[in-house]
Amino acid sequence: MSRIGCAAREGACARRGHRLGAATATRTRAGDRAERLSVTRRLPLGVVAAITPWNYPVGQMSFKLGPALLAGDTMVLKPSAFTPLANLRLGEVRRDPLPAGVVNVVAGSRVLGSWVTAHPGFDKISFTGSTQTGRKVMTSAAQRLTRVTLGLGGNDAAIVLPDVDVKEVAPQLFWAAFANGGQICLATKRLYVHEDVYDDLARELVRLAERARVGDPSEGEVDLGPVSNQRQYETVVSLLRDWRDHGYRFLAGGLPEDGDGGWFVAPTPVGNPP
């Protein structure tokens, strides 16, 4: 039996062997007839497959694990191949206080995710990641009509009106875009700024970008660390090259210099892209 099959079976056995969360029922009288009764029952689904990305490995696991346990479900977690260690450690920590099989962590390469979503032993799939991969997850889940929840990437915008205090709002906008190196699905990616405050806001964003300390967090105080992995770093650099080649105006930052070492990219606001 594969690792996925073993983990799914462990979760199912744990679900049958332990009442993790009691089912609830709500009774309400329907209409004005005493003999008519409506009953809503809330029952655990069973075994949940959770697939998490690399940008917030601990947080993403917690977002999925807590609600599942509260609902009385068991879980098989497949973390990103780029950040498996934190999730494996959390699985180890939870091993003693929880019944065997309630939480299972299975780490491996990217192909492992497709094995998880195609496996018949899951009652629900919860996926957080890219839109491209989310389409594949939904397609796979549809083959068995497995319940699925997708948390995918966005193209989030912020709108700046002319009555704002520019100095107050600029840091909020800057960190909404660049916190965690911009590696957040809901990070601000577009700014629509009223022309009355555009120049002032642009100057403030440039000042913040130039003051932001980018480097290895283990070597001193920094504001922004590296991009998480080489593939993502190459994606970011390719976007910067494309913007440069199309004549976009970098207000600050830009392409990293060759030989800088590490996957470091300076925060780079772009002025008036088409």
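Just the heavy atoms: all of them, side chains too, but no hydrogens, waters or symmetry mates, feed the values below. Keep in mind that this is a model prediction, so the values were computed, not measured.
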For [Y], is there any backbone N or O sitting under 3.5 Å from a side-chain donor or acceptor partner on [X]?
X      : Y      : result
Asp123 : Thr146 : no
Arg110 : Ala81  : no
Asp73  : Val47  : no
Gln232 : Asn229 : no
Gln183 : Ser228 : yes
Asp223 : Arg213 : yes
Ser80  : Thr52  : no
His119 : Gly121 : yes
Ser140 : Lys136 : no
Glu204 : Asp200 : no

[Y] reachable from [X] in the ILVMFWY side-chain graph, under 4.5 Å edges:
X      : Y      : result
Val111 : Val116 : yes
Val227 : Phe264 : no
Val169 : Phe174 : yes
Tyr192 : Leu186 : no
Leu161 : Tyr198 : no

Can you tell me how far the [atom1] atom of [X] sits from the [atom2] atom of [Y], to the nearest 0.5 Å?
X      : Y      : atom1 : atom2 : answer
Ser126 : Arg147 : OG    : CZ    : 13.5 Å
Arg203 : Leu208 : CZ    : CG    : 13.5 Å
Asn272 : Leu191 : CG    : CG    : 11.0 Å
Arg42  : Thr40  : CZ    : OG1   : 6.0 Å
Thr131 : Met138 : OG1   : CE    : 11.0 Å
Met61  : Leu88  : CE    : CG    : 9.0 Å

Is the shortest side-chain heavy-atom distance between [X] and [Y] below 4.5 Å?
X      : Y      : answer
Lys64  : Val48  : no
Val236 : Trp263 : no
Val265 : Tyr233 : yes
Tyr248 : Pro274 : yes
Leu251 : Leu205 : no
Val270 : Phe250 : yes
Pro256 : Leu240 : yes

Taking atom [atom1] as the centre, does [X] end up with more than 12 heavy-atom neighbours from other residues, nucleotides or ligands that are less than 6.0 angstrom away?
X      : atom1 : answer
Glu195 : CD    : no
Arg95  : CZ    : no
Arg190 : CZ    : yes

Nearest heavy atoms of [X] and [Y], plus distance in Å:
X      : Y      : value
Cys185 : Leu152 : CB-O, 4.1 Å
Lys189 : Ile184 : NZ-O, 4.0 Å
Pro53  : Gln60  : CD-CG, 3.8 Å
Val197 : Pro162 : CG1-O, 3.7 Å
Val222 : Pro217 : CG2-CA, 3.7 Å
Val214 : Pro267 : CG2-CD, 3.8 Å

Apply side chain to side chain contact (heavy atoms under 4.5 Å, CB included) to residues Asn55 and Asn180 and explain how you reach the verdict. CA-CA 8 Å; Asn55 60 338; Asn180 199 39; 4.2 Å; yes

Pair Thr188, Phe178 - check side chain to side chain contact (heavy atoms under 4.5 Å, CB included), show working. CA-CA 8 Å; Thr188 298; Phe178 294 111; over 6 Å; no

As a test of understanding, state which of Leu65, Asn87, Leu90, Val103 forms a side chain to side chain contact (heavy atoms under 4.5 Å, CB included) with Leu77. Asn87

If you apply the rule side chain to side chain contact (heavy atoms under 4.5 Å, CB included), what do you find for Thr133 with Ile51, and how did you get there? CA-CA 11 Å; Thr133 304; Ile51 303 175; over 6 Å; no

Tell me, with the steps shown, if Tyr56 and Thr83 meet side chain to side chain contact (heavy atoms under 4.5 Å, CB included). CA-CA 9 Å; Tyr56 278 103; Thr83 54; over 6 Å; no

Would you call Glu234 and Arg231 a salt bridge, using N to O less than 4.0 angstrom? no

